[in-house]
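Input: a single structure, listed below in structure tokens.
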Amino acid sequence: NAAMAQRPYAPPKESVRARHGADLRGCCVKCGDTNAPEERIADLRWLPPAAYLSLFLGVFVAAAAAALLTRRSEIKVSLCRRCAEDWDAGGRDYRLSLMTAVAAAVAGGGAMAVGSPLAGVALMFGGPLFAISGAYIAMKKRLTAIRIDRDGVEFEGAVSGLIDRLVPK
């Protein structure tokens with residue numbers, strides 16, 4: 001797919017709606033290649049936007065709200081070799097970004113404790129913001145849930161016209 005080769009981390013904005021546990025194997029979910037030997041289970045998670053308001057009540061309240069309100073859905077997908085490598089890299093980069101955010105916050109706390117408040121504040125807030133931005137970019141290598149309800153999941157990041165491309169099993 002020429003568009004994917006030019007801008008591999010700018011997935012199409014077209015969304016796909018599927019039921020929970022749907023089998024979307026048959027072509028690569030990311031580029032549409034029909035030679036897609038890698039089969040995966042995409043674990044999609046979605047947090048209702050209103051839950052982010054709990055951040056104003058503190059980090060611990062927000063963490064509890066996220067744990068209670070996050071919705072999950074799994075679907076079966078196929079990936080070509082190149083997209084499978086990108087998929088794996090996206091997961092690895094995501095975890096690395098979150099570890100960087102935690103490390104920066106801890107280092108910031110340490111800097112403040114030894115008498116460097118400016119460096120501490122910069123690390124405690126700037127580091128996690130930078131790392132979370134990296135995590136957002138990394139997850140664009142995968143599928144992104146934009147809504148999960150009792151009927152199914154709606155997600156972005158799949159090749160345009162995915163449903164029409166699927167080969168009946």
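Computed from a predicted structure; not experimentally measured. Atom set for the values below is all heavy atoms of this structure, side chains included, hydrogens, waters and symmetry mates excluded.
A pairwise comparison of heavy atoms in Ala145 and Leu44 identifies CB-CB, 4.0 Å as the closest pair. For the pair Cys28 and Cys80, the tightest heavy-atom approach, listed with the atom from each and the gap, is SG-N, 3.4 Å. Between Ala18 and Phe155, the shortest heavy-atom contact is CB-CE2, 4.3 Å. Minimum heavy-atom separation, Gly26 to Ser78: N-OG, 3.4 Å. Ala66 approaches Leu47 most closely through the heavy-atom pair CA-CD1, 3.9 Å.
Distance check, rounded to the nearest 0.5 Å: NZ of Lys76 to CG of Asp23 gives 5.5 Å. The distance from the NZ atom of Lys141 to the NZ atom of Lys30 is 10.5 Å, given to the nearest 0.5 Å. One finds the CG atom of Asp43 at 4.0 Å from the CZ atom of Arg72 (value rounded to the nearest 0.5 Å). From Glu154, atom CD reaches atom OG of Ser73 across 12.0 Å, with rounding to the nearest 0.5 Å. To the nearest 0.5 Å, the span separating CZ on Arg82 from SG on Cys31 amounts to 7.0 Å. From Arg45, atom CZ reaches atom OG1 of Thr144 across 13.5 Å, with rounding to the nearest 0.5 Å.
Residue Leu53 belongs to a hydrophobic cluster whose other members are Phe56, with links defined by side-chain heavy atoms closer than 4.5 Å.
Leu79 and Ile163 fall within a single hydrophobic cluster, where Ile, Leu, Val, Met, Phe, Trp and Tyr side chains are chained together by heavy-atom contacts under 4.5 Å.
Residues that satisfy the side-chain hydrogen bond (donor to acceptor under 3.5 Å, both in side chains) test with Asp88, not counting sequence neighbours, are Arg40. Applying the salt bridge (Lys or Arg N to Asp or Glu O under 4.0 Å) rule to Arg92 yields no partners; only residues at least two apart in sequence or on another chain are considered. Scanning for side-chain hydrogen bond (donor to acceptor under 3.5 Å, both in side chains) contacts around Arg19 gives an empty result, with sequence neighbours left out.
With hydrogens and angles disregarded, a donor-acceptor distance shorter than 3.5 Å links the side chain of Arg142 to the backbone of Trp87. Counting only distance, with no hydrogens or angles, the side chain of His20 and the backbone of Ile75 share no donor-acceptor pair below 3.5 Å. Under a 3.5 Å cut-off, the side chain of Arg71 and the backbone N or O of Ile148 do form a donor-acceptor pair.
At least one side-chain heavy atom of Val29 sits less than 4.5 Å from a side-chain heavy atom of Leu162.
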Tabulate below the donor-acceptor pairs under 3.5 Å that side-chain atoms of residues 95-116 make, not counting sequence neighbours, or state none.
from: Arg95; atom 1: NH1; to: Gly91; atom 2: O; distance (Å): 3.2
from: Ser97; atom 1: OG; to: Asp93; atom 2: O; distance (Å): 3.0
from: Ser97; atom 1: OG; to: Ala135; atom 2: N; distance (Å): 3.4
from: Thr100; atom 1: OG1; to: Leu96; atom 2: O; distance (Å): 2.8

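The existence of a salt bridge linking Asp86 and Arg81 is excluded, since no basic side-chain nitrogen approaches an acidic carboxylate oxygen closer than 4.0 Å.
Remark: the Ser160 side chain and the Glu14 side chain contain an N/O donor-acceptor pair separated by less than 3.5 Å.
Within the structure, the side chain to side chain donor-acceptor pair (under 3.5 Å) test picks out no pair touching residues 46-56 (sequence neighbours left out).
Heavy-atom contacts from other residues, nucleotides or ligands closer than 6.0 Å to CG of Leu68 number more than 12.
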